[in-house]
Amino acid sequence: MHDSYHARRRETSAARESRCVSASAELDGFLALLAARRAPRTVEAYRRDLEALEAWLHHGTATATTDELERSVAEARAAGLAATTIARRVAAARSFFRHLQLLGARDDNPAAELELPRRARTLPRTLSAAEAERLVEAASGVAPRDLRDRALVELLYGAGLRISEALGLQRADVDLENRLLRALGKGDKERVVPMGRPAVDAVTRYLARGRPYLERRPRPELFLNARGGALTRSGGFLILRRLAAVAGLEPERIHPHLLRHSFATHLLEGGADLRSVQEMLGHADLSTTELYTHVSDRRRRELYFAAHPHAKR
């Protein structure tokens with residue numbers, strides 16, 4: 001009898017270990033497929049979210065029920081997690097269970113009907129046109145890295161590119177003659193974006209007098225670092241912070257997406273139509289672009305109250 005008890009314990013332990021290996025394999029398989037179509041940061045965030053869910057469940061995520069997932073979301077709310085974090089966790093779970101459905105490992109998606117917390121839509125912060133100009137002019141040197149920095153900031157502000165899109169550009173993606181570039185956005189969606197004359201001039205100078213001195217061996221990427229490799233995301237952030245300090249702006253306030261926000265807002269303030277701005281930004285949903293109209297409205301009100309004689313009374 002004693003031997004039978006230990007045999008059952010060994011069997012239970014082996015079964016539990018087998019389930020853990022299976023769950024890990026299912027998660028790794030899902031993340032490997034996700035990596036082929038989503039950004040590395042998204043894949044890593046989904047990994048953390050799904051591993052945290054499994055730790056909360058105390059069993060494999062693949063066997064979770066809707067009731068368990070609802071309790072997980074309720075606890076996250078009670079703990080004060082941001083609505084955006086909870087929404088991302090639910091999105092990760094939905095994607096994972098959809099993957100299991102496609103494999104035939106589950107018939108249902110227990111995360112499909114989860115109720116999400118309402119996300120407060122905060123207005124994007126932007127630079128004024130004068131501040132944006134100061135930031136661009138801060139990259140005024142003639143050394144190879146100065147020319148690269150000027151080209152980068154001109155494309156971030158002048159074409160509204162995401163930092164990943166700008167750093168993902170290859171030389172062949174830029175058509176200087178027709179003042180167009182081909183950007184690869186979220187979900188590998190390609191779009192063609194016009195470039196202003198200052199951006200074209202900056203890229204032309206960089207290609208002629210900057211990039212050849214940075215390149216150690218032939219590379220397809222447009223933007224290179226000082227060692228001849230591809231410029232990284234962190235390198236792009238550092239460039240902007242340094243330029244912000246030179247321009248007399250607050251470095252901690254300046255980031256690549258701030259220039260994208262400013263690009264969209266300044267276009268709308270200049271009279272561009274919403275649909276064209278949506279296409280240039282690569283937004284799938286027009287409501288995302290509409291946020292910038294509220295920024296323009298707010299700025300118009302601020303200008304009115306600051307400048308109009310009757311507004312001051």
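The first residue in the sequence is number 1, and the count goes up from there.
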Which pair of heavy atoms, one from [X] and one from [Y], lies closest together, and at what distance?
{"X": "Ala183", "Y": "Leu161", "answer": "CB-CD2, 4.0 Å"}
{"X": "Ala230", "Y": "Asn225", "answer": "O-ND2, 3.4 Å"}
{"X": "Pro194", "Y": "Leu180", "answer": "CA-CD2, 3.8 Å"}
{"X": "Arg191", "Y": "Gly160", "answer": "NH2-O, 4.2 Å"}
{"X": "Phe97", "Y": "Ala111", "answer": "CD1-CB, 4.1 Å"}
{"X": "Gly141", "Y": "Leu147", "answer": "O-CD2, 3.9 Å"}

Going from [atom1] on [X] to [atom2] on [Y], what distance comes out if it is rounded to the nearest 0.5 angstrom?
{"X": "Tyr157", "Y": "Leu259", "atom1": "OH", "atom2": "CG", "answer": "8.5 Å"}
{"X": "Arg227", "Y": "Leu214", "atom1": "CZ", "atom2": "CG", "answer": "11.5 Å"}
{"X": "Leu156", "Y": "Glu154", "atom1": "CG", "atom2": "CD", "answer": "10.0 Å"}
{"X": "His59", "Y": "Glu54", "atom1": "NE2", "atom2": "CD", "answer": "9.0 Å"}
{"X": "Leu127", "Y": "Arg134", "atom1": "CG", "atom2": "CZ", "answer": "9.5 Å"}
{"X": "Thr42", "Y": "Arg37", "atom1": "OG1", "atom2": "CZ", "answer": "10.5 Å"}

Donor-acceptor pair, [X] side chain versus [Y] backbone, under 3.5 Å?
{"X": "Arg38", "Y": "Val43", "result": "no"}
{"X": "Arg241", "Y": "Pro251", "result": "yes"}
{"X": "Thr126", "Y": "Ser262", "result": "no"}
{"X": "Asn109", "Y": "Arg94", "result": "yes"}
{"X": "Ser72", "Y": "Glu68", "result": "no"}
{"X": "Arg106", "Y": "Leu100", "result": "no"}
{"X": "Arg209", "Y": "Val142", "result": "no"}
{"X": "His257", "Y": "Arg260", "result": "no"}

Derivation of the side-chain contact (heavy atoms from CB on, under 4.5 Å) call for Leu249 and Glu131: CA-CA 8 Å; Leu249 303 171; Glu131 287 174 328; 3.9 Å; yes

Side-chain heavy atoms of [X] within contact of [Y], under 4.5 Å:
{"X": "Glu26", "Y": "Leu103", "value": "no"}
{"X": "Asp149", "Y": "Val153", "value": "no"}
{"X": "Val203", "Y": "Leu176", "value": "yes"}
{"X": "Ile163", "Y": "His255", "value": "no"}
{"X": "Leu169", "Y": "Leu155", "value": "yes"}
{"X": "Val193", "Y": "Glu165", "value": "no"}
{"X": "Leu240", "Y": "Leu152", "value": "no"}

Qualifying residue, where the test is side-chain contact (heavy atoms from CB on, under 4.5 Å) with Met195 and the options are Asp175, Asp201, Val174: Val174

Option among Leu69, Thr63, Asp67 that satisfies the side-chain contact (heavy atoms from CB on, under 4.5 Å) test with Thr65: Asp67

Tell me, with the steps shown, if Arg211 and Arg219 meet side-chain contact (heavy atoms from CB on, under 4.5 Å). CA-CA 11 Å; Arg211 193 179 181 283; Arg219 296 192 65 104; 4.2 Å; yes

Test side-chain contact (heavy atoms from CB on, under 4.5 Å) on Leu231 and Glu221; report intermediate values, then the result. CA-CA 8 Å; Leu231 186 64; Glu221 296 91 355; over 6 Å; no

Count the heavy atoms of every other residue, nucleotide or ligand shown that sit under 6.0 Å from CD of Glu252, and state whether that count exceeds 12. yes

Please say whether more than 12 non-hydrogen atoms of neighbouring residues, nucleotides or ligands are located less than 6.0 Å from CD in Glu113. no

Working for salt bridge (charged side-chain N to carboxylate O under 4.0 Å, His left out), residues Arg150 and Glu137: CA-CA 8 Å; Arg150 179 64 175 251; Glu137 290 301 323; 3.1 Å; yes

Given the rule that I, L, V, M, F, W and Y join up when any side-chain heavy atoms are under 4.5 Å apart, are [X] and [Y] in one cluster?
{"X": "Leu224", "Y": "Leu207", "value": "yes"}
{"X": "Leu184", "Y": "Met280", "value": "no"}
{"X": "Leu57", "Y": "Val90", "value": "yes"}

Aromatic plane relationship, Phe30 with His99 - under 30° parallel, 30 to 60° tilted, over 60° perpendicular: tilted

Give the ring-plane orientation class for Phe223 versus Tyr206, where under 30° counts as parallel, over 60° as perpendicular and anything between as tilted. parallel

Strictly under 6.0 Å, is that where the ring centroids of Phe96 and Tyr46 end up? no

Between Arg179 and Arg197, does a side-chain contact (heavy atoms from CB on, under 4.5 Å) hold up when you go through it step by step? CA-CA 8 Å; Arg179 293 167 55 178; Arg197 175 55 60 189; 3.6 Å; yes

